[in-house]
Each structure stands twice: as C-alpha cells, then as structure tokens.
Number of protein chains: 2
Amino acid sequence: MNLRELSELLGLSQTTVSRALNGYPEVSEHTRRRVSDAARKHNYRPNTKAKALATGRTMSIGHVIPVSTKHELVNPVFADFIAGAGEVYAKSGYDMVLSVVSDADEERSYRDMHAKGNVDGVIVHGPKRNDYRIPLLTKLGLPFVVHGRSDGVEHPYSWLDVNNRRSFARATRFLTDLGHRRIALLNGLEDMDFAIRRRAGYESALADAGIAVDPALMRSDEMTENYGFRSACALFRLPDPPTAFLTSSLLIAMGVRRAAEDHDMKLGRDISVVTHDDELSYFGNEGDVPIFTATRSSVREAGRLVAQMLIARIASADGGTEEHLLDAGLIVGQSTGPARPFPRQG
Amino acid sequence: MNLRELSELLGLSQTTVSRALNGYPEVSEHTRRRVSDAARKHNYRPNTKAKALATGRTMSIGHVIPVSTKHELVNPVFADFIAGAGEVYAKSGYDMVLSVVSDADEERSYRDMHAKGNVDGVIVHGPKRNDYRIPLLTKLGLPFVVHGRSDGVEHPYSWLDVNNRRSFARATRFLTDLGHRRIALLNGLEDMDFAIRRRAGYESALADAGIAVDPALMRSDEMTENYGFRSACALFRLPDPPTAFLTSSLLIAMGVRRAAEDHDMKLGRDISVVTHDDELSYFGNEGDVPIFTATRSSVREAGRLVAQMLIARIASADGGTEEHLLDAGLIVGQSTGPARPFPRQG
DNA sequence: TGCGTTAGTCAAAGCGCTTTGGATCGCTTG
DNA sequence: CAAGCGATCCAAAGCGCTTTGACTAACGCA
C-alpha cells in the first residue's frame with residue numbers, strides 16, 4: 001500500500017492525502033479523518049526511502065562502534081548506552097544505524113556515512129584526547145554529539161560527560177580518609193579521554209593527602225575481567241603491595257575480587273576496592289549496601305540524554321553547541337574498609 | 001557531489017556513469033577508468049536513499065532488540081553478536097539498523113519495518129517456544145533468520161542454534177560422573193526456547209544417572225549476576241543443598257561464585273559450577289585451564305554466520321531455508337571437582 | 001452585480017539514482 | 001551494396017514521497 005494507491009482509493013490527490021497525514025492545516029477536518037482512518041485500516045506507512053529522498057532527512061542516526069583490532073573487543077557499556085538512546089529514538093521516530101568497524105577503518109566509516117547521506121547525525125563514542133573525529137565531523141557539517149569529551153579540541157562542540165576527574169578525586173579521597181596510602185589505579189586505555197581525567201583526579205587527591213604517586217601502582221588497558229585479575233595478582237606480589245584499588249569498570253573490579261579471593265583476602269576487610277559503575281542492567285551492583293563501593297553514573301541515562309541532544313541539534317541546525325556535565329555520586333558499598341597491613345602469606 | 005554533477009563534469013550521461021561505476025559491460029574500459037578515477041577523486045558515493053528507492057533494496061538489515069519491560073534489561077550477548085554480524089555487513093556493504101523496543105511493542109516494530117520498507121531482512125533474536133514472530137515474518141514475506149530455534153513452529157524457516165540440549169546433557173553427565181547427585185540448574189527465563197532445551201538436556205542426563213529431578217533445585221529468571229547470587233544463597237539454605245550448579249550464563253556463574261565465597265566455599269573444591277559460556281570478549285573465561293568449566297560456543301561467530309545466512313537468503317529469494325546446529329564443546333576449567341558433602345556452617 | 005478572500009483541493013516538478021528502450025557509429029557479411 | 005551486428009552511449013521514465021504554485025467554489029462585502 002503506497003500513497004498513490006491510498007489516494008486513488010479515497011478519490012483524493014496524493015497531495016491532499018500526504019498533507020492530511022502530515023498534519024498540514026490546508027485540509028478540512030472531515031477529509032483528514034477520512035484519510036487517517038483509511039491509512040490505519042490499510043496499515044499504510046510512508047515508504048522510508050521515498051520520504052527520505054523527498055525531504056532530504058533520513059530520520060536515522062549513526063553510531064560507529066569501534067572494535068579494537070587488538071582484542072576484538074566491544075565495550076560492554078554500548079549495550080546499555082544504546083538501550084537508552086534507542087528509547088528516545090523510538091519516541092521521536094528515528095532509526096538507529098550501527099556500523100561496527102575495526103578502529104583502523106573508523107575514519108572512512110564517518111566519511112562514507114556523510115557522503116552516502118544515510119544518517120542525519122552521528123554520536124561519537126569513546127573519545128580520545130584530541131580526537132580527530134571532532135574536527136572531521138565539524139568540517140563535514142554532519143551534526144554530532146560526543147559521549148564524553150576530548151581534551152585538546154579547541155573549537156566548540158556538543159558533548160555530555162560525567163565528571164570523571166572530580167569523582168575519581170572523591171573516590172581517592174575516600175580511600176585516603178580510610179587510612180589507605182598504597183592505592184592502585186586500574187584504568188582504561190590511557191589514550192582515552194576519560195582515563196586521562198580519572199587519573200588526574202586520582203593524582204590530585206593523592207597530592208592533597210601528601211602521598212607520592214607511584215607509577216608501579218598505575219595500570220591501564222582494555223577493561224576486562226582478566227585484566228583486573230592479572231593486574232591485582234601482579235600488584236600483590238610487590239614488596240609493598242597496595243591496600244586499596246581504584247578501578248575504572250565493574251569488570252575490572254570483579255577481576256580484582258577474584259584475585260583477592262584467590263589470595264584468601266576478603267573485600268572490605270583485607271583489601272578495599274572502589275570502582276566506577278555504569279549501572280549496567282545485568283550487573284546490578286545494587287541494594288542498600290551494594291557489593292562495590294562505587295562512583296556511579298547511569299550510562300543508559302547518558303544514552304537518553306545524548307540522543308535528545310543530537311535530535312535537538314539536527315532539528316535546529318543553527319549550530320549552537322550544548323555541554324552537559326553529569327555528576328557521579330559516590331556510593332558506599334561492602335568493598336571498602338579501613339586500611340590494614342597486607343596479609344603476608346606463609 | 002551527485003551523479004548528475006559527476007556526469008556533467010565528465011561530459012557523459014548519467015546512464016553511462018552509473019553503469020561504469022556498477023560494473024556493467026556496456027561501457028568501454030577507457031571510459032570506465034576515466035569515470036572511476038573521477039569518482040574517487042571527488043569522493044563520490046551514490047546517495048543511499050536514491051539508490052534504495054530506485055533499486056527497491058535498502059542494503060540494510062534490521063535487528064529488533066527487545067528490552068525486558070520487567071527489568072529494563074538488555075541481554076549483554078547482543079554486543080558480541082552484533083560485533084560478529086557487523087563484521088559481515090561491513091564486508092558486504094550492508095548497514096545494520098537497530099530497533100530497541102520494549103517487548104510489548106515488538107510486534108508492531110516488525111510490522112512497521114516491513115511497511116516502511118527500510119530493511120531488506122531481519123534477524124530474530126531470543127526466540128521463545130512457538131514464537132509468533134516466525135509465522136508473522138513468513139506471512140509478511142520479509143526475509144529473516146532466527147538466532148536460535150523455536151520449538152512448536154511447524155513450517156520451515158532458517159535458523160542457527162547451538163545444540164543446547166546435548167551440551168547441557170553432557171555438562172550434567174560430567175557432574176554426575178564426578179559423583180554429584182544434587183545438581184542445581186540456574187536457567188534463563190523459562191519461556192525462552194534455549195532454556196527449555198537446556199532443561200531437557202539436564203533432565204535427561206539426570207534420568208540416565210538414575211537421579212530424580214528435584215524442582216527445588218531448578219530456577220529460571222533473567223540472567224544477571226544478582227540472580228545467580230541470590231539463587232545460590234537460597235539453595236545453600238536448603239536442608240539438602242546442591243553440591244554442584246549448572247548455569248546458563250557466565251554472569252549467573254559469577255553470582256554463584258560470589259555466594260560461594262561469602263559462605264567460605266571454594267569453587268572446584270567445595271562446590272562445582274558448570275556454565276554456558278558465550279565467549280563474550282570482555283569476560284575472557286580463557287586460558288589453558290579457564291576459571292569456569294563450561295559449555296562453550298562463540299556468540300560472535302554465531303553473529304557472523306547468521307548474518308551470512310541472511311544475506312544469502314536476501315540475494316536468492318527462492319525461499320529455500322537453511323538450518324545450522326552448532327556444537328558447544330565442554331571445556332574443563334577450575335570450577336569443578338569431585339562431589340563433597342556440603343560444608344555445614346558452625 | 002462584481003470582486004477580493006479564503007478554504008480546500010490538485011497537477012506536476014523534483015529528490016538522486018537505476019534501467020529500459022532506443023540511437024549512433026564503424027565494421028563485417030552475404 | 002544493403003543489411004546486420006557489436007560496441008558505446010544516451011534520453012527519459014520511474015521508484016514513492018513532499019512541496020510549489022495554481023485552480024475552484026463559496027462566501028462576504030461594497
């Protein structure tokens with residue numbers, strides 16, 4: 001059922017039917033009702049491609065999700081981010097188109113999206129420091145919003161981020177207040193903007209507490225459970241091991257927990273862990289007293305907000321940028337306690 | 001830069017340029033080269049919408065990912081499945097369009113996709129027993145492939161599944177061989193097809209070992225870490241608690257591990273766990289002797305295969321269906337050992 | 001009565017591509 | 001020499017929608 005058929009069926013012109021359906025005022029209430037009844041009855045939906053071609057708007061938004069070539073890894077927060085964004089898209093009539101792309105092909109992927117014209121805008125995921133995508137997209141004139149920020153980019157752009165620096169400073173401060181002085185930082189890849197900010201927060205809080213930064217306690221890599229496990233095991237073997245860990249994701253924290261338990265240490269008693277928690281739906285670090293003490297910020301909510309920002313930006317192409325800084329709360333759970341000397345084995 | 005501009009630039013007709021670019025034979029090698037050089041130079045990409053409208057093919061594939069209204073939960077295996085599928089799409093020039101949809105709106109979502117004509121085919125995720133989507137899509141004539149199967153659907157359709165029944169039978173047998181007789185099953189939601197098959201495998205292996213099925217040891221819910229934790233805690237309180245667990249996802253298994261450790265029990269020594277492992281990239285239940293003994297099958301590889309099947313199906317619309325049953329291997333890890341009496345507290 | 005105004009409708013152009021159905025040219029063939 | 005043919009190329013139609021510009025009928029007003 002297409003517009004022509006529907007209009008013939010009604011004995012009206014395509015113009016009138018189209019206008020009736022799209023809420024234009026130049027059509028009588030009586031006809032409008034007649035048209036929309038018929039449309040509903042025959043389950044008419046305007047053909048997306050034709051509509052897109054005619055209006056120049058595709059009503060779809062691109063997400064380029066990079067797959068690390070090194071580990072073939074997809075960041076698990078995407079699932080929840082996309083759930084949030086998808087919710088908003090569904091309400092606003094947008095489609096979400098995903099390109100899963102090895103990070104080597106990422107730039108071409110953005111260029112193609114623009115040239116092929118199959119999206120009205122894109123969301124930029126996982127910005128690095130001085131991320132090349134921001135000037136690129138600005139130059140192309142493709143509307144975008146960044147989830148995160150990029151230190152080093154001077155010109156204005158729209159972004160939404162959590163206050164990584166502040167929240168990691170708070171978390172560190174929380175640990176030093178508990179008496180910890182050997183605090184390990186298990187961060188994400190060090191070229192990621194968020195990782196840089198988190199480290200800065202950590203270092204500044206250490207400085208405030210008069211503790212020297214020890215590079216031996218700082219690690220960064222892709223945020224897997226195994227990375228947490230291996231790192232913790234290695235750190236336990238140090239002559240002067242840490243009594244607390246600050247980790248950039250729940251997965252890492254779970255790895256630390258596994259390592260601790262393998263060493264017969266209990267979280268919150270023998271060793272403390274604070275993690276960032278994106279509130280992933282299937283993890284559920286919830287409850288009155290959650291498992292992990294955490295800096296918490298819902299990535300799903302971020303998805304919702306970023307999607308709204310982008311839609312607004314597409315609608316009014318006046319180029320005004322918008323910046324949102326979310327505050328991550330510090331939630332105290334079972335994984336932290338006063339510093340204790342490291343329990344030496346044997 | 002569009003086709004008209006490019007053809008004017010070259011002093012050729014749009015027809016010729018289009019044919020040159022699409023590899024039709026009616027154009028001389030000399031012109032073809034001239035055209036493709038110019039296209040490359042000006043970074044010309046045919047406009048997707050126009051091409052789609054003209055050809056009737058959108059070159060994109062839909063994935064409807066349902067968000068459980070109950071828990072607002074997105075299955076974390078999607079991220080990896082989509083990574084696999086996306087890889088294939090990228091190679092074949094397809095786009096992936098995602099609809100994140102609360103399961104109440106799911107049916108409408110499929111109907112809309114078909115009526116709006118913005119996808120050439122869809123992939124059906126998470127089939128339940130006798131899933132209504134299969135007859136629906138068949139009726140609509142929208143090409144599809146199911147990831148999983150649906151017991152109760154009679155007419156033929158294309159699917160790819162792992163041998164859930166067999167692999168869970170093997171896993172159960174593995175545990176009974178180790179002397180376990182009280183084996184708990186922590187399954188996914190019981191209306192899911194895979195959950196039904198896994199339970200069937202579990203029950204048949206118990207029967208083979210002459211063990212009566214105890215409903216008190218069987219649970220099913222959405223597969224979160226918390227569900228694993230809470231279930232294990234509850235089961236530990238039984239008068240006759242299980243000595244082993246069979247779980248449907250690594251997340252559940254991690255919950256069980258946490259519960260065990262809270263009860264001062266060690267996996268593989270005091271209690272055994274076998275889990276299904278989708279080889280999610282960020283979990284990495286790897287190594288020579290992985291953490292968990294597991295029935296293992298890569299969901300990313302499944303994504304690749306399903307995508308290929310669908311593309312083939314779209315290309316040759318002759319309606320022949322294809323069925324693939326993958327075998328999940330049983331990998332022995334550190335989480336299993338001979339049965340021991342449950343360590344009573346106090 | 002004549003004319004401007006307004007509400008309601010329509011025909012046709014255009015979005016950027018593919019594809020059908022010629023057209024042209026240079027050569028070979030009977 | 002006329003006809004036929006392959007190799008190239010082109011004009012124009014069509015995909016299904018929106019939107020511009022025009023048209024018609026009805027109405028109010030001087």
Side-chain angles (χ1 to χ4, degrees), chain A residues 1-36 38-39 42-60 93-95 112-120 315, chain B residues 1-36 38-39 42-60 93-95 112-120 315:
Chain A
M1 171 68 48
N2 61 23
L3 187 62
R4 188 176 48 73
E5 286 163 15
L6 185 64
S7 63
E8 281 170 2
L9 208 95
L10 286 160
L12 288 169
S13 76
Q14 298 191 30
T15 313
T16 306
V17 175
S18 169
R19 295 212 142 132
L21 258 21
N22 290 320
Y24 282 70
E26 307 93 325
V27 46
S28 73
E29 263 324 302
H30 171 249
T31 351
R32 191 191 302 284
R33 177 174 319 272
R34 216 161 65 84
V35 169
S36 57
H42 294 90
N43 193 35
Y44 169 75
R45 294 271 181 299
N47 181 295
T48 325
K49 318 156 213 166
K51 188 162 187 161
L53 185 56
T55 58
R57 310 258 318 267
T58 59
M59 295 308 283
S60 60
Y94 276 88
D95 281 330
D112 279 6
M113 279 199 167
H114 175 250
K116 294 194 305 179
N118 61 341
V119 297
D120 294 337
Chain B
M1 171 68 47
N2 60 24
L3 187 62
R4 189 176 46 72
E5 287 163 15
L6 185 64
S7 64
E8 280 169 5
L9 207 96
L10 285 160
L12 288 169
S13 75
Q14 297 192 29
T15 312
T16 306
V17 175
S18 168
R19 295 213 144 132
L21 258 22
N22 290 321
Y24 281 71
E26 306 91 327
V27 45
S28 73
E29 263 325 302
H30 170 249
T31 356
R32 191 191 302 282
R33 179 174 318 273
R34 216 160 66 84
V35 169
S36 57
H42 294 89
N43 192 35
Y44 168 76
R45 293 272 182 296
N47 181 295
T48 325
K49 319 156 212 166
K51 187 163 186 159
L53 186 55
T55 57
R57 309 258 318 266
T58 60
M59 295 308 281
S60 60
Y94 276 87
D95 281 329
D112 279 6
M113 280 200 166
H114 176 249
K116 294 194 304 179
N118 60 341
V119 297
D120 293 338

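Sequence lines set the chain letters: A, B, ... in the order given, protein chains first and strands last, and positions in each chain run from 1. Bear in mind that the values here come from a model prediction, so they are computed numbers and not experimental data.
Between A:Leu53 atom CG and C:dG14 atom C1' there is a gap of 9 Å when expressed in whole angstrom units. Between the CZ atom of B:Arg32 and the C1' atom of D:dT8 there is a distance of 12 Å, given to the nearest Å. For B:Glu5 and C:dC17, the CD to P distance is 9 Å, given to the nearest whole Å. Between A:Arg45 atom CZ and D:dC17 atom P the separation is 13 Å, expressed in whole Å. Rounded to an integer number of Å, the gap from B:Asn2 CG to C:dT18 P is 12 Å. At whole-Å resolution of the value, CZ in A:Arg4 and P in D:dT18 are 15 Å apart. The CG atom of A:Leu3 sits 18 Å away from the P atom of C:dA13 (whole-angstrom rounding). Summarising the geometry, the separation between CG on A:Asn47 and C1' on D:dG16 is reported as 6 Å, rounded to the nearest angstrom.
Side-chain nitrogen and oxygen atoms of A:Ser18 include at least one within less than 4.0 Å of the OP1 or OP2 phosphate oxygen of D:dT18. At the phosphate of C:dT9, neither OP1 nor OP2 sits under 4.0 Å from any side-chain N or O atom of A:Tyr24. Put simply, B:Thr55 has no side-chain N or O that comes within less than 4.0 Å of OP1 or OP2 on C:dC17.
Shown here for B:Lys116 and A:Thr48, the closest heavy-atom pair between the two residues is O-OG1, 2.8 Å. B:Asn22 and B:Lys51 get closest at one heavy-atom pair: OD1-NZ, 3.8 Å.
Side-chain atoms of A:Lys51 lie closest to D:dT18 of the nucleotides D:dG16, D:dT18, C:dT9. Closest contact between the side chain of B:Ser28 and the listed nucleotides C:dG16, D:dC17, D:dC9 involves D:dC9.
Without hydrogens or angle criteria, A:Ser7 side chain to A:Leu3 main chain gives a donor-acceptor distance under 3.5 Å. A donor-acceptor pair is defined here as one N or O able to donate and one able to accept, closer than 3.5 Å; no such pair exists between the side chain of B:Arg57 and the backbone of B:Asp120. With hydrogens and angles disregarded, no donor-acceptor distance shorter than 3.5 Å links the side chain of B:Ser36 to the backbone of B:Ala20. Judged by distance alone, with hydrogens and angles left aside, the side-chain atoms of B:Thr58 form no donor-acceptor pair with the main-chain N or O of B:Ala52 at under 3.5 Å.
Residues B:Tyr24 and B:Arg32 bring no donor and acceptor atom of their side chains to less than 3.5 Å of each other.
Across the helix from C:dT1-D:dA30 to C:dG30-D:dC1, the helix axis at one end is tilted relative to the axis at the other end by 70° (nearest 10 degrees, each axis from five pairs).
Between B:Asp112 and A:Arg45 the shortest side-chain heavy-atom distance falls below 4.5 Å. Counting heavy atoms from C-beta on, the side chains of A:Met59 and A:Asp95 never come closer than 4.5 Å.
Each of B:Glu26 and B:Ala50 lies near DNA chain D, and the nucleotide nearest B:Glu26 is the one positioned closer to the 5' end.
For the segment residues 8-17 of chain B, the set of residues with a heavy atom within less than 4.0 Å of an atom of DNA chain D comprises B:Gly11, B:Leu12, B:Ser13, B:Thr15, B:Thr16, in numerical order.
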